[in-house]
Amino acid sequence: QLQLEESGGGLVQHGGSLRLSCAASKFTLENYAIAWFRQAPGKERERVSCISGADDSTYYADSMKGRNTISRDNAKHTVTLQMNSLKPEDTAVYYCAADSSCHLWVGGSYRPRTNQEYRYWGQGTQVTVSS
């Protein structure tokens with residue numbers, strides 16, 4: 001059973017940066033697609049980024065495109081999400097999730113894997129951006 005653990009959350013001012021890490025115990029993350037999701041109070045869980053297990057291709061949600069960088073360090077068994085120019089609306093619990101791919105082939109085209117379609121999850125880390 002793959003177990004994930006997030007770290008790096010905290011309180012930051014508007015415009016600041018945070019670096020979140022997702023680490024695995026006992027297993028390597030090398031061949032897994034790793035996604036970062038976030039969930040604000042009263043809102044649905046939203047995927048903000050994903051890195052492919054096949055070729056490390058990266059994907060970003062429009063809400064954070066240009067402000068985030070996802071990367072993988074296989075030697076350290078971690079995937080990091082560098083978040084810059086943070087805004088108060090980025091306040092949420094951030095989760096990492098793992099599965100075989102970032103996208104699924106459905107009905108003749110690829111679509112992002114939804115949160116229900118990821119098998120492995122961490123417990124989440126709180127990110128709070130003050131105005």
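- Once rounded to the nearest 0.5 Å, the distance linking CD of Gln82 with OG of Ser49 reads 12.0 Å.
- Nearest heavy-atom pair across Leu2 and Ala98 is CD2-CB, 3.7 Å.
- With contacts defined as side-chain heavy-atom distances shorter than 4.5 Å, the pair Val79/Ile70 qualifies.
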Go through Arg47 and Tyr59 one step at a time and tell me if the side chain to side chain contact (heavy atoms under 4.5 Å, CB included) criterion holds. CA-CA 10 Å; Arg47 193 179 87 170; Tyr59 307 91; 4.0 Å; yes

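- The environment of Glu5 atom CD is sparse: at most 12 non-hydrogen atoms of other residues, nucleotides or ligands sit within 6.0 angstrom.
- Counting heavy atoms from C-beta on, the side chains of Leu20 and Trp36 come closer than 4.5 Å.
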Does Arg113 form a side chain to side chain contact (heavy atoms under 4.5 Å, CB included) with Cys102? I'd like the steps, not just the answer. CA-CA 6 Å; Arg113 190 184 287 268; Cys102 293; over 6 Å; no

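- Within the 4.5 Å cutoff, no side-chain heavy atoms of Tyr94 are placed close to those of Gln126.
- How far OG of Ser71 is from CD1 of Ile51: 6.5 Å, rounded to the nearest 0.5 Å.
- For the pair Met83 and Leu86, the tightest heavy-atom approach, listed with the atom from each and the gap, is CB-CD2, 3.9 Å.
- Judged by the 6.0 Å and 45° rule, Arg45 forms a cation-pi pair with Trp121.
- Residues Val48 and Arg67 form no side-chain contact, since every pair of their non-hydrogen atoms from C-beta on lies 4.5 Å or further apart.
- Arg72 contributes a side-chain N or O that, together with a main-chain N or O of Leu29, makes up a donor-acceptor pair within less than 3.5 Å.
- Note that the SG atom of Cys96 and the CD1 atom of Ile34 stand 6.5 Å from one another [nearest 0.5 Å].
- By the rule that hydrophobic residues join a cluster once side-chain heavy atoms approach within less than 4.5 Å of another member, Tyr120 and Leu81 end up as members of one cluster.
- Between Tyr32 and Ser101, every side-chain heavy-atom pair lies at or beyond the 4.5 Å cut-off.
- Applying the salt bridge (charged side-chain N to carboxylate O under 4.0 Å, His left out) test to every pair with at least one member in residues 116-131, sequence neighbours left out, gives these pairs: Asp99-Arg119, Arg111-Glu117.
- Under the 4.5 Å side-chain contact rule for hydrophobic residues, Phe37 and Tyr60 do not share a cluster.
- Shortest non-hydrogen contact noted between Ser100 and Ala33 is C-CB, 4.0 Å.
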Determine all donor-acceptor pairs shorter than 3.5 Å in which one atom belongs to a side chain in residues 7-18; sequence neighbours excluded.
{"residue": "Ser17", "atom": "OG", "partner": "Asn84", "partner atom": "OD1", "Å": "2.9"}

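- Cation-pi geometry between Arg38 and Tyr95 is not satisfied (NZ or CZ under 6.0 Å from the ring centre, within 45° of the ring normal).
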Stepwise side chain to side chain donor-acceptor pair (under 3.5 Å) test for Ser21 and Glu6: CA-CA 5 Å; Ser21 290; Glu6 304 91 342; over 6 Å; no

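- Using modelled atom types, no side-chain atom of Asn68 and backbone atom of Lys65 make a donor-acceptor pair closer than 3.5 Å.
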